[in-house]
Amino acid sequence: MLSVDMENKENGSVGVKNSMENGRPPDPADWAVMDVVNYFRMAGFEEQASAFQEQEIDGKSLLLMTRNDVLTGLQLKLGPALKIYEYHVKPLQTKHLKHNSS
């Protein structure tokens, strides 16, 4: 459930702990298509986020995506596609694997 950590954070923000992260389940495997879309919108990929919606990429699909899927299957410009894969898809996959293998 929702609890607010009022401790002074380094950046001055108040930490909010919740079973949902930014309205999404914490495990990407449980994300719906709109959770994936909103994740990429919040990450600064507003224009590219719509490609995930058009291709109906939910959390399970996102975790199965290869580098080639992101670079060619979503028909995104190369620069943003590389950043999306390297800085978002790959780390989400790694985090999911570590979390589920322990």
Original post:
Given side chains that start at C-beta, do those of Phe52 and Leu62 come closer than 4.5 Å, heavy atoms only?
Top reply: yes
Original post:
Would you say the side-chain atoms of Ser50 pair up with the backbone N or O of Glu47, donor to acceptor, closer than 3.5 Å?
Top reply: yes
Original post:
So which heavy atom on Pro25 is nearest to which on Asp35, and how close?
Top reply: CD-OD2, 3.7 Å
Original post:
What are the two closest non-hydrogen atoms of Glu56 and Ser61, and how far apart are they?
Top reply: O-OG, 4.5 Å
Original post:
Out of Asn38, Ile57, Leu92, Leu63, which one pairs with Trp31 under the side-chain contact (heavy atoms from CB on, under 4.5 Å) rule?
Top reply: Leu92
Original post:
Within the distance-only criterion (no hydrogens, no angle test), does the side chain of Gln93 pair as donor or acceptor with the backbone N or O of Met65 below 3.5 angstrom?
Top reply: yes
Original post:
Is it true that the side chains of Asp27 and His99 contain a donor and an acceptor less than 3.5 Å apart?
Top reply: no
Original post:
Rounded to the nearest 0.5 Å, what separation is found between the CD atom of Gln55 and the CG atom of Asp69?
Top reply: 10.5 Å
Original post:
Do Phe40 and Gln48 have side-chain heavy atoms sitting under 4.5 Å apart?
Top reply: no
**OP:** Treating Ile, Leu, Val, Met, Phe, Trp and Tyr as nodes and any side-chain heavy-atom pair under 4.5 angstrom as an edge, say whether Leu71 and Val89 lie in one connected cluster.
**Re:** no
Original post:
Does some side-chain heavy atom of Gln75 sit less than 4.5 Å from a side-chain heavy atom of Glu54?
Top reply: no
Show the atom names and distances, to 0.1 Å, of all donor-acceptor pairs under 3.5 Å that link a side chain in residues 80-87 to residues at least two apart or in another chain.
residue: Glu86; atom: OE1; partner: Lys90; partner atom: NZ; Å: 3.2

**OP:** Evaluate the side-chain proximity of Val37 to Val33: yes if any heavy-atom separation is below 4.5 Å, no if none is.
**Re:** yes
